[in-house]
Every structure is written in C-alpha cells, then in structure tokens.
Amino acid sequence: MTKLPRKFYNQPTLKVAKLLLGKFLVRKIGKRKVVGKIVETEAYVGPKDLASHASRGKTPRTEVMFGPPGHAYVYLIYGLNYCFNIVTERKDYPAAVLIRAVEPIEGIDLMYQHRKSIKRKKSIFNFSFLTFNLTNGPGKLCQAFKIDKKLNNADLTGNILWVEDRGIKISPKDIVATKRIGVDYAKEYKDKPWRFYIKGNKFVSKK
DNA sequence: CAAGAGATCATCT
DNA sequence: GATGATCTCTTGA
C-alpha cells in the first residue's frame with residue numbers, strides 16, 4: 001500500500017495511463033476515506049494533440065497541464081460536470097491522464113451521499129444496481145469523490161487526494177485500447193487509441 | 001434498449 | 001457569441 005511518488009507521473013503519458021489501471025484513487029474527507037480502483041483512463045499527450053485543451057496553448061485554464069507532474073487538473077465541462085485528470089511528464093510539456101471510471105471500494109456510503117441524482121431517488125433499487133452506477137464515468141466519479149474546482153492543481157503527493165499501489169498488476173492482455181470518447185473534433189487525433197480500460201470490468205463507462 | 005434533447009456556464013474567439 | 005474530454009431523463013419501438 002504505497003502512495004505513488006512524483007517520479008511515477010514523470011514518465012511517458014501513454015505508459016502512465018496504462019500503469020494507473022488497477023491502482024487505487026484515494027480521497028480523504030475529514031477523517032473518512034473514499035477509495036476506488038481505477039479501471040478506465042484516457043491519455044492527452046502534448047501540445048500537438050488536438051483533443052487536448054493544451055493544443056490551444058497555455059491559458060489560465062490549461063496552465064496546470066504545463067506544470068510539474070503529479071498534480072490534479074480539474075475543469076468544468078458542459079457547465080455542470082467536473083473532469084479529473086492527473087498531470088504527467090516534465091514541466092512545460094502539457095500532458096495528462098483523464099480518469100474516466102473507478103470501481104467503488106471504500107466509503108461507498110459517502111459516494112451515495114455525494115451523488116446528487118441518486119440521492120434524489122429513494123432506495124427503490126437494490127444496492128448492487130446503484131453501486132454500478134456510482135463512478136462509471138468521469139463526471140460521476142468526480143461527484144462521488146467530491147472533486148471540484150477547489151482541487152484543481154492539488155498535489156497528489158499530499159494527503160487530500162492521491163493514488164496508491166496495492167500490489168495489483170494488470171497484464172497487457174487484460175488491457176483494452178480504443179479511441180477516446182467525445183473528441184470527434186480532433187481531426188487526425190480523434191481516432192488515436194489512447195483510451196485504456198480493464199477488459200471485462202463492469203465499471204467501465206462504455207464498451 | 002437506442003436515440004435524442006436539455007441542462008448550464010467557464011472559457012476562449 | 002459559440003462551444004464542450006458529460007449526465008440524465010424522455011420518448012418510442
């Protein structure tokens with residue numbers, strides 16, 4: 001159970017995106033922890049990647065992506081959902097890994113509380129059905145983990161939000177690579193196979 | 001179940 | 001003024 005050090009994130013982004021599968025995202029809230037196993041990621045690689053916000057150059061929003069590795073890049077999308085990324089590679093080279101889905105492990109009661117829409121519904125569904133729907137998408141997991149703009153630029157070597165290695169190794173044959181979701185505007189970059197997920201895992205956002 | 005639309009606003013042109 | 005690394009609900013077969 002070791003917290004990943006900064007040098008882990010200072011590696012080629014595609015490699016980090018694959019290595020993050022099977023690692024554990026930990027969010028500390030007061031004395032409680034929310035933990036999920038990472039099962040789906042996407043890589044956004046460098047200044048030329050037209051799918052990446054950083055391809056339009058350094059702006060107040062994308063500044064974090066140009067910073068040192070091991071920090072959170074959190075932004076609001078479509079006016080109502082947050083996306084959580086981890087900045088990779090050296091300072092001044094803009095790259096990040098989007099965490100698209102995790103499998104709920106610990107603090108599941110807190111995840112329920114944080115998820116707005118599910119909270120609205122009375123418990124007419126059984127536990128497993130709802131668990132499945134807690135964190136299987138980038139916006140959903142940000143709700144469940146209470147990740148918002150305040151955590152933008154948070155240091156992942158600190159004690160609010162980090163990633164742990166708990167000794168699980170995902171073998172290459174259990175990693176599926178596909179094109180990234182929702183980036184059809186990215187011309188020659190839209191079909192790059194830079195989305196990765198654990199084969200057969202039921203918490204992956206889409207097949 | 002698939003397909004479509006509405007929500008909603010920070011960011012950049 | 002347009003757009004988007006999404007989610008949820010509704011509609012219709």
For C:dT8, does either OP1 or OP2 sit under 4.0 Å from a side-chain N or O belonging to A:Lys140? yes
Heavy atom of residues 11-24 of chain A under 4.0 Å from DNA chain C: which residues? none
Could you state the atom-to-atom distance from OH of A:Tyr75 to P of C:dT3 in whole Å? 18 Å
What's A:Tyr82 touching, base or sugar-phosphate or nothing? Going by heavy atoms closer than 4.0 Å. nothing
Under 4.0 Å between a side-chain nitrogen and a carboxylate oxygen: does that hold for A:Glu106 and A:Lys33? no
Honestly, is A:Arg27 close enough over A:Phe145, meaning NZ or CZ under 6.0 Å from the six-membered ring centre and within 45° of the axis? no
Taking the inter-plane angle between the rings of A:His53 and A:Tyr75 on a 0 to 90° scale, is it parallel (under 30°), tilted (30 to 60°) or perpendicular (over 60°)? perpendicular
Annotated protein contacts, base or backbone, on nucleotides 8-13 of chain B with a non-hydrogen cut-off under 4.0 Å, one of B, S, - each: BBSSS-
Taken in chain and number order and not counting sequence neighbours, the residues that satisfy side-chain hydrogen bond (donor to acceptor under 3.5 Å, both in side chains) with A:Thr41 are none
Honestly, is A:Arg180 close enough over A:Tyr44, meaning NZ or CZ under 6.0 Å from the six-membered ring centre and within 45° of the axis? yes
Just to verify, what does A:Asp148 make a side-chain hydrogen bond (donor to acceptor under 3.5 Å, both in side chains) with, not counting sequence neighbours? A:Lys150
Pairing of DNA chain B as dot-bracket, 5' to 3': ( ) intra-strand, [ ] crossing, | other strand, . unpaired, with Watson-Crick or G-U pairs under 3.5 Å? |||||||.||||.
All salt bridge (charged side-chain N to carboxylate O under 4.0 Å, His left out) counterparts of A:Lys173, not counting sequence neighbours: none
Just so I know, are the side chains of A:Lys149 and A:Tyr82 near enough to count as touching, which here means a heavy-atom distance under 4.5 Å? yes
